[in-house]
Amino acid sequence: MCPKSPRKLKSEAYAHAASFLHQNRSLDAALFAFHFENGSAENALVALQPYQNDDGGFQGLEGDFGFDVSTVLSTCCALHILHDLKTSV
């Protein structure tokens, strides 16, 4: 069986998704720009910094939980972001 060719979003759907992301958290907008709009890793790193706590961990990166303390899940999310940005803390 032949593999299906990857599907692409239509221009209008892409524009709606981009608009939605740019209207929400600055981190989401910066990551979207980095991955899809030739945005800088530096802007994404700056947007990530407010989520880091004094203990070195991260909080608030998992959208379904409103913890204001460091969590393993948020810290892992941050490390994945840093890996994608090819940088470190």
Atom pair [atom1]/[atom2] of [X] and [Y] - distance to nearest 0.5 Å:
{"X": "Ser26", "Y": "Leu31", "atom1": "OG", "atom2": "CG", "result": "9.5 Å"}
{"X": "Leu61", "Y": "Leu73", "atom1": "CG", "atom2": "CG", "result": "8.5 Å"}
{"X": "Asp84", "Y": "His35", "atom1": "CG", "atom2": "NE2", "result": "4.5 Å"}

Shortest non-hydrogen contact between Ala47 and Ala30, atoms and distance |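 It is CB-CB, 4.0 Å.
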Measure across Ala29 and Leu21 and return the closest heavy-atom pair with its distance rounded to 0.1 Å.
->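 Here Ala29 and Leu21 meet closest at CB-O, 3.7 Å.
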Heavy-atom neighbours of His80 NE2 exceed 12 at 6.0 Å |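 Counting neighbours around NE2 of His80, 12 or fewer heavy atoms of other residues, nucleotides or ligands fall under 6.0 Å, so no.
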Please enumerate all residues that pass side-chain hydrogen bond (donor to acceptor under 3.5 Å, both in side chains) together with [X], with sequence neighbours excluded.
{"X": "Ser19", "result": "Gln23"}
{"X": "Asn53", "result": "Ser70"}
{"X": "Glu62", "result": "Thr71, Ser74"}
{"X": "Ser40", "result": "Asn43"}

When you look at Leu48 and Phe58, which way does the side-chain contact (heavy atoms from CB on, under 4.5 Å) test go after all the steps?
-> CA-CA 9 Å; Leu48 177 63; Phe58 288 79; 3.9 Å; yes
Contact list for [range], test salt bridge (charged side-chain N to carboxylate O under 4.0 Å, His left out), sequence neighbours left out:
{"range": "residues 13-37", "value": "Arg25-Asp28"}
{"range": "residues 39-59", "value": "none"}
{"range": "residues 10-23", "value": "none"}

Does the side chain of Leu45 come within less than 4.5 Å of Leu82's, by heavy atoms?
->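 Yes, their side chains come closer than 4.5 Å.
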Check ring-ring contact (aromatic ring centres under 6.0 Å, His included) between Phe67 and all other residues, then give those that pass, not counting sequence neighbours.
->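 For Phe67 the ring-ring contact (aromatic ring centres under 6.0 Å, His included) partners, ignoring immediate neighbours, are Phe65.
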Of all residues at least two apart in sequence or in a different chain, which pass the ring-ring contact (aromatic ring centres under 6.0 Å, His included) check with Phe32?
->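 Testing Phe32 for ring-ring contact (aromatic ring centres under 6.0 Å, His included), a comparison that skips the adjacent residues, returns Tyr14, His22, Phe36.
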Contacts of Ala41 that satisfy side chain to side chain contact (heavy atoms under 4.5 Å, CB included) - sequence neighbours left out =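 Side chain to side chain contact (heavy atoms under 4.5 Å, CB included) list for Ala41, sorted by chain: Phe34, Leu85.
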Going only through I, L, V, M, F, W and Y residues with side-chain contacts under 4.5 Å, is there a path from Leu27 to Val46?
->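 No.
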